[in-house]
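Each residue takes its place number in the sequence, starting with 1. Everything numeric here is computed off the predicted structure, so don't read it as measured data.
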Amino acid sequence: MIYIGCHLSVTNGYEAMGKTMLGFGGNTFAYFTRNPRGGKSKDIIPEDAQALSALLSEHHFGKTVAHGSYTMNLCASNPSTRENGLDMLQKDLHRMEYFPDSYYNFHPGAHTGQGAEKGIELIADALNRMMFPEMHTTVLLETMAGKGSEVGKSFEELREIIDRVTLSDKLGVCFDTCHVWDGGYDIVGDLDGVLTQFDKVIGLDRLCAVHFNDSKNPCGSHKDRHEKLGQGFIGMDAMKRIALHPALQNKPFILETPNDDSGYIQEIRTVRGWME
Ligand code: FE
Ligand code: FE
Ligand code: ZN
């Protein structure tokens, strides 16, 4: 089995997200640690965080996957953008201690003209400055579609970041199916081959979570436009094979498909149906 859920808004607090996901029929979820575009974060009330933890364990949820802000660019060429990103990363990682043993995933960054190699160095430097030995969070680098100057469009680039991070035992990867497909990995025609390649380059033990999205574009398009399950170029048969693949069992699968609540409820039901 896999754990399935979608992105939720933190507007009404943390325990409220757990209750919402129970109502949706899911058993994991994702949320933005702060406004994804503006960068502001909501204060955490310790009792609310504890209430969520109790709810998650009572209902046997999989690990939740917090998502860093889209505006956090750890390898921006603009110094103030990068400083701002470092500040967000530091605050996020400390706030994550309210939710021990969960995941924090983020987009590695966009090198904005400096080249992928420089980007990789700056991202690793940021992680080395802000991760701390006592932390209880596993930080996940997201596989990227390769839009613009995004770093992390290949398994090799993610490996290079991991190799440079001191606390790499606290690092993993979030496998976004739309991004991997858009990045040029044929998960429709050769899922086994792609996962074997992931294993060789990064190691499947680092694959901690899946962003479960269909894609509006063909393989290798580098576009990053998500589609509803079964309505894109990946298609329902391949989505099902991914969810049932032995290498991906017991992981949180997060829907980031363009849906309203009822659409997510339907997709969660579809995925759970595959597991019966
Ligand atoms: Fe993402
Ligand atoms: Fe994603
Ligand atoms: Zn995306």
Side-chain angles (χ1 to χ4, degrees), residues 1-11 17 20-32 36-37 61-68 70 103 105-107 140 142-148 150 152-153 173-191 194-195 207-245 247-249 251-276:
M1 59 92 72
I2 57 165
Y3 298 96
I4 182 74
C6 62
H7 254 274
L8 294 175
S9 163
V10 75
T11 310
M17 288 192 288
T20 299
M21 190 44 63
L22 275 179
F24 281 15
N27 50 9
T28 181
F29 60 89
Y31 58 95
F32 286 111
R37 309 222 171 257
F61 270 51
K63 291 190 185 193
T64 55
V65 190
H67 198 307
Y70 291 146
Y103 293 134
N105 110 268
F106 73 103
H107 297 181
L140 308 184
E142 184 165 342
T143 58
M144 299 312 294
K147 193 177 60 174
E150 277 174 351
K153 61 184 181 298
V173 171
C174 177
F175 188 96
D176 186 310
T177 54
C178 169
H179 297 177
V180 166
W181 169 257
D182 283 18
Y185 293 96
D186 184 8
I187 51 176
V188 175
D190 188 18
L191 177 61
V194 172
L195 290 173
L207 203 169
C208 295
V210 176
H211 281 171
F212 200 50
N213 308 310
D214 208 327
S215 171
K216 282 193 199 295
N217 292 287
C219 185
S221 62
H222 305 296
K223 289 276 209 300
D224 190 3
R225 303 267 324 275
H226 302 189
E227 183 54 285
K228 293 175 186 164
L229 298 190
Q231 296 187 25
F233 277 81
I234 300 177
M236 203 60 112
D237 289 349
M239 295 308 295
K240 182 176 177 181
R241 282 197 299 274
I242 295 165
L244 298 178
H245 197 283
L248 303 175
Q249 297 311 293
K251 318 233 182 256
F253 274 53
I254 305 295
L255 298 161
E256 299 176 311
T257 46
N259 271 308
D260 55 14
D261 287 1
S262 67
Y264 283 126
I265 291 166
Q266 187 51 52
E267 289 191 344
I268 289 167
R269 198 177 294 148
T270 298
V271 173
R272 295 202 96 155
W274 296 337
M275 293 186 279
E276 276 159 14

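The line from NE2 of H67 to OH of Y31 is 12.5 Å long, rounded to the nearest 0.5 Å. Rounding to the nearest 0.5 Å gives a distance of 10.5 Å between OH of Y3 and CD of Q249. Note: W181 CH2 to D186 CG = 5.0 Å, rounded to the nearest 0.5 Å. Atom CG in L255 sits 12.0 Å away from atom CD1 in I265 (nearest 0.5 Å). Taking OH from Y103 and NZ from K63, the interatomic distance works out to 4.0 Å, rounded to the nearest 0.5 Å. Taking CZ of F253 as the start and CG of L248 as the end, the distance is 4.5 Å to the nearest 0.5 Å.
Side-chain contact check for T257 versus Q231: every heavy-atom pair is 4.5 Å or farther apart. I4 places a side-chain heavy atom less than 4.5 Å from the side chain of N27. Using a 4.5 Å heavy-atom cutoff, the side chains of H211 and N105 are in contact. Here the side chains of F212 and I2 are not in contact, with every heavy-atom distance at 4.5 Å or above. Under the 4.5 Å side-chain criterion, counting only non-hydrogen atoms from C-beta, W274 is in contact with M239.
For the ring pair (Phe, Tyr, Trp, His ring centres under 6.0 Å) test with H7, the passing option among Y264, F29, F32 is F32; the others fail. The residue from T177, D214, D176 that alone fulfils the side chain to side chain contact (heavy atoms under 4.5 Å, CB included) condition with H226 is D176.
Contact detail for S9 and M17: the closest heavy-atom pair is O-CG, 3.4 Å. Taking all atoms of both residues into account, the shortest heavy-atom contact from G184 to C219 is C-SG, 3.6 Å. Of all the heavy atoms in P252 and C208, the pair that sits closest is CD-O, 3.3 Å. A pairwise comparison of heavy atoms in P218 and D182 identifies O-OD1, 4.3 Å as the closest pair. The two residues T64 and T28 have their closest heavy-atom pair at CA-OG1, 3.9 Å. Here the closest non-hydrogen pair linking G5 and I268 is CA-CD1, 4.2 Å.
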Verify side chain to side chain contact (heavy atoms under 4.5 Å, CB included) between T143 and Y185, making sure each step is shown before the conclusion. CA-CA 11 Å; T143 58; Y185 293 96; over 6 Å; no

Would M144 and H107 count as a side chain to side chain contact (heavy atoms under 4.5 Å, CB included) here? Give the steps. CA-CA 7 Å; M144 299 312 294; H107 297 181; 3.5 Å; yes

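For the pair E267 (side chain) and L229 (backbone), a donor-acceptor distance under 3.5 Å is present. Put simply, the side chain of K251 gets close to the backbone of L207: a donor and an acceptor are under 3.5 Å apart. In terms of modelled atom types and a separation under 3.5 Å, the side chain of H222 and the main chain of A145 share a donor-acceptor contact. Using a distance-only test at 3.5 Å, with no hydrogens or angles considered, no donor-acceptor pair links the side chain of R241 to the main chain of L191.
For the residue pair S262 and D260, a side-chain donor N or O sits within less than 3.5 Å of a side-chain acceptor on the partner.
The number of heavy-atom neighbours closer than 6.0 Å to CZ of R225, taken from other residues, nucleotides and ligands shown, is 12 or below.
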